[in-house]
Amino acid sequence: MADAPRFLITRLSHVGDCVQTIPMAVALRRQWPDAFIAWAVEPDSAPLLEQHPVIDDVLVLPPRWFRSPAKWPALRRRLRSLQAEVSIDPQGLTKSAVLGWLAGARRRIGFRSPDGRELSVQLNNELVLRSVDNCVERYLELVSKLGVAAAPVEYNLPVDSASEHAVAATLAGLWPAAQVGADRRFVVVSPGAGWRSRLWSNERYAAVAYHVWSRFSLPVVLAWKGDSERAMANDIVEAALRLGATVSVAPPLNLVELAALLRRAHLFIGPDSGPMHLAAAVGCTCIGLFGATRWQQSGPYGEQHVCLQARYQAGSSRERRAASNDAMLEITSDDVIAACDRLLA
């Protein structure tokens with residue numbers, strides 16, 4: 001490889017998956033300090049990448065681009081302007097692999113089946129058979145093909161001072177200092193998830209919030225995105241307040257502000273989701289709840305976290321997405337409370 005190779009990463013979505021891919025970009029920069037690293041991504045995840053110090057260019061894809069052939073010529077010109085020599089496709093789908101092909105990258109690295117799906121195994125011309133489970137390590141295997149040396153996993157998410165000050169002011173207004181102590185330690189619960197089959201029970205979250213408050217005097221903040229998650233957060237708060245816990249709903253937060261909140265939190269509790277992986281990336285210890293995904297693959301990276309799974313909801317991705325949340329509900333509130341005691345005692 002040249003001293004200043006040009007890379008294109010095509011991890012398009014979702015937030016959690018993009019967070020898990022960031023250590024791969026950091027590893028490329030560590031190996032080639034003068035490299036050019038571009039990242040093609042859909043709009044939801046772009047804010048996390050646009051200020052990242054190892055990424056030189058973020059190509060935000062237009063809405064519904066893949067199903068809109070009229071948008072392809074302009075997109076191809078934009079991709080070609082990157083002059084990428086190597087494209088890296090952690091997503092393993094036709095729509096992610098085709099971007100490397102449109103960019104004209106000579107080397108197009110992706111996964112072999114089953115992690116390489118659809119037409120990605122034809123569009124990518126250097127295929128890697130993964131040998132590890134965890135997604136962070138799996139994505140790093142892609143760049144090991146380039147000779148990237150093994151090193152500690154790093155996210156290096158930038159700290160946005162405006163967001164940090166805004167979140168600090170929000171927290172100061174949630175609870176009197178005398179109530180929560182001068183250090184203002186707190187727990188974040190984020191109950192939402194992209195699949196219905198990943199959701200747990202609002203009543204059980206409330207029971208956990210009460211336990212965290214009654215035993216450890218730690219208040220709970222409910223993080224959310226969108227109307228349905230806001231309704232879930234409100235239900236959990238109402239139930240927890242009836243029990244006597246100190247718990248609050250966070251204001252609307254963008255991804256950078258959520259990172260600032262999680263950076264201050266003592267513990268995160270929630271299902272397999274973008275916020276869980278973002279919490280791990282900024283150094284917050286996690287209790288992750290798993291049903292429709294395997295914790296060995298999708299768990300937060302690091303030995304400090306606790307992953308709870310009573311049963312795996314087997315089936316294809318489509319079947320697991322459409323399934324009920326019965327597997328999640330086999331995780332009891334006592335299971336989560338025991339994990340809290342283990343991490344907070």
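For clarity, every value in this text was computed on a predicted model and none was experimentally measured.
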**Q** Does a sphere of radius 6.0 Å around OH in Tyr210 hold more than 12 heavy atoms from other residues, nucleotides or ligands, not counting ones at 6.0 Å or beyond?
**A** no
**Q** Sub-3.5 Å donor-acceptor pair from the side chain of Arg117 to the main-chain atoms of Gln91, do we have one?
**A** yes
**Q** Does Asp56 come within less than 4.0 Å of Arg29, counting only side-chain N to carboxylate O?
**A** yes
**Q** Quick check: does any side chain N or O of Gln304 sit under 3.5 Å from a backbone N or O of Thr285, one acting as donor and the other as acceptor?
**A** no
**Q** I would like to know whether Asp17 and Gln20 meet side-chain contact (heavy atoms from CB on, under 4.5 Å); could you show each step before the answer?
**A** CA-CA 5 Å; Asp17 294 313; Gln20 290 175 299; 3.5 Å; yes
**Q** May I ask whether Leu140 and Leu49 are part of the same hydrophobic cluster, defined by side-chain heavy atoms of I, L, V, M, F, W, Y residues being less than 4.5 angstrom apart, directly or through others?
**A** yes
**Q** Given Met276 and Asp272, is the side-chain contact (heavy atoms from CB on, under 4.5 Å) satisfied, shown in steps?
**A** CA-CA 6 Å; Met276 181 192 72; Asp272 181 8; 3.8 Å; yes
**Q** Checking the side chain of Arg106 only, and the main-chain atoms of Glu85 only, is there a donor and an acceptor separated by less than 3.5 Å?
**A** no
**Q** Trp195 ring centre to Arg198 NZ or CZ under 6.0 Å, with the angle to the axis within 45°?
**A** yes
**Q** Sort out for me which residue in Arg11, Lys95, His14 forms a side-chain hydrogen bond (donor to acceptor under 3.5 Å, both in side chains) with Glu42.
**A** Lys95
**Q** Could you walk me through whether Arg264 and Glu164 satisfy the salt bridge (Lys or Arg N to Asp or Glu O under 4.0 Å) test, starting with their C-alpha distance in whole Å, then the side-chain angles of each, then the deciding distance to 0.1 Å, before giving a yes or no?
**A** CA-CA 9 Å; Arg264 285 171 163 74; Glu164 296 289 333; 2.4 Å; yes
**Q** For the hydrophobic clusters of this structure (ILVMFWY residues joined by side-chain heavy atoms under 4.5 Å, transitively), does one cluster hold both Val41 and Val54?
**A** yes
**Q** Answer yes or no: is there a donor N or O on one side and an acceptor on the other, between the side chain of Ser201 and the main chain of Arg204, under 3.5 Å?
**A** yes
**Q** Are the side chain of Trp72 and the backbone N or O of Trp65 linked by a donor-acceptor pair below 3.5 Å?
**A** yes
**Q** Can Tyr312 and Arg320 be counted as having a side-chain donor-acceptor contact under 3.5 angstrom?
**A** yes
**Q** Using only atom types and a distance under 3.5 Å, with no angle test, would you say the side chain of Arg196 pairs donor to acceptor with the backbone of Ala323?
**A** yes
**Q** Between Arg107 and Glu126, does the salt bridge (Lys or Arg N to Asp or Glu O under 4.0 Å) criterion hold? Intermediate values first, please.
**A** CA-CA 7 Å; Arg107 302 181 66 180; Glu126 297 185 33; 2.7 Å; yes
**Q** Please confirm whether the backbone N or O of Arg108 pairs with a side-chain atom of Asn125, one donor and one acceptor, at under 3.5 Å?
**A** yes
**Q** In terms of hydrophobic clustering (I, L, V, M, F, W, Y; side-chain heavy atoms under 4.5 Å; direct or indirect links), are Leu171 and Val212 co-clustered?
**A** no
**Q** Is there a side-chain contact (heavy atoms from CB on, under 4.5 Å) between Trp224 and Asn234? Walk through the geometry before answering.
**A** CA-CA 10 Å; Trp224 56 277; Asn234 288 339; over 6 Å; no
**Q** May I ask you to decide if Gly291's main-chain N or O and Asp326's side chain share a donor-acceptor pair within less than 3.5 Å?
**A** no
**Q** Do Leu222 and Leu262 belong together in a cluster built from hydrophobic side chains that touch within less than 4.5 Å?
**A** no
**Q** Parallel, tilted or perpendicular: which one describes the rings of Phe216 and His211, with boundaries at 30° and 60°?
**A** perpendicular
**Q** Of all heavy-atom pairs between Gln31 and Gly147, which one has the smallest distance, and what is that distance?
**A** NE2-O, 3.2 Å
**Q** Yes or no on side-chain contact (heavy atoms from CB on, under 4.5 Å) for Leu93 and Phe66, after CA distance, side-chain angles and deciding distance?
**A** CA-CA 12 Å; Leu93 294 175; Phe66 189 58; over 6 Å; no
**Q** Determine whether more than 12 heavy atoms belonging to other residues, nucleotides or ligands lie under 6.0 Å from atom CZ of Arg263.
**A** yes
**Q** Could you report the tightest heavy-atom contact between Ala240 and Val247, atom names first, then the distance?
**A** CB-CG1, 3.5 Å
**Q** State whether the side chain of Glu257 and the backbone N or O of Asn254 hold a donor-acceptor pair below 3.5 Å, judged by distance alone.
**A** yes
**Q** Which pairs with one or both residues in residues 23-50 pass ring pair (Phe, Tyr, Trp, His ring centres under 6.0 Å), sequence neighbours excluded?
**A** Phe7-Trp32
**Q** Do the side chain of Asn325 and the main chain of Leu199 share a donor and acceptor less than 3.5 angstrom apart?
**A** yes
**Q** Is a salt bridge present between Arg78 and Asp57, judged by a nitrogen-to-oxygen distance below 4.0 Å?
**A** yes
**Q** Of all heavy-atom pairs between Ala265 and Val188, which one has the smallest distance, and what is that distance?
**A** CB-CG2, 3.7 Å
**Q** Where is the tightest heavy-atom contact between Gly274 and Val15, given as atom of each residue plus distance?
**A** CA-CG1, 4.1 Å
**Q** For Glu154, give me all partners under side-chain contact (heavy atoms from CB on, under 4.5 Å), at least two apart in sequence or on another chain.
**A** Val26, Arg30, Asn156
**Q** Identify the heavy atoms of Ala260 and Ser163 that sit nearest to each other, and give their distance.
**A** CB-O, 4.0 Å
**Q** Is the ring pair Tyr139/Phe111 parallel, tilted or perpendicular, if the boundaries are 30 and 60 degrees?
**A** tilted
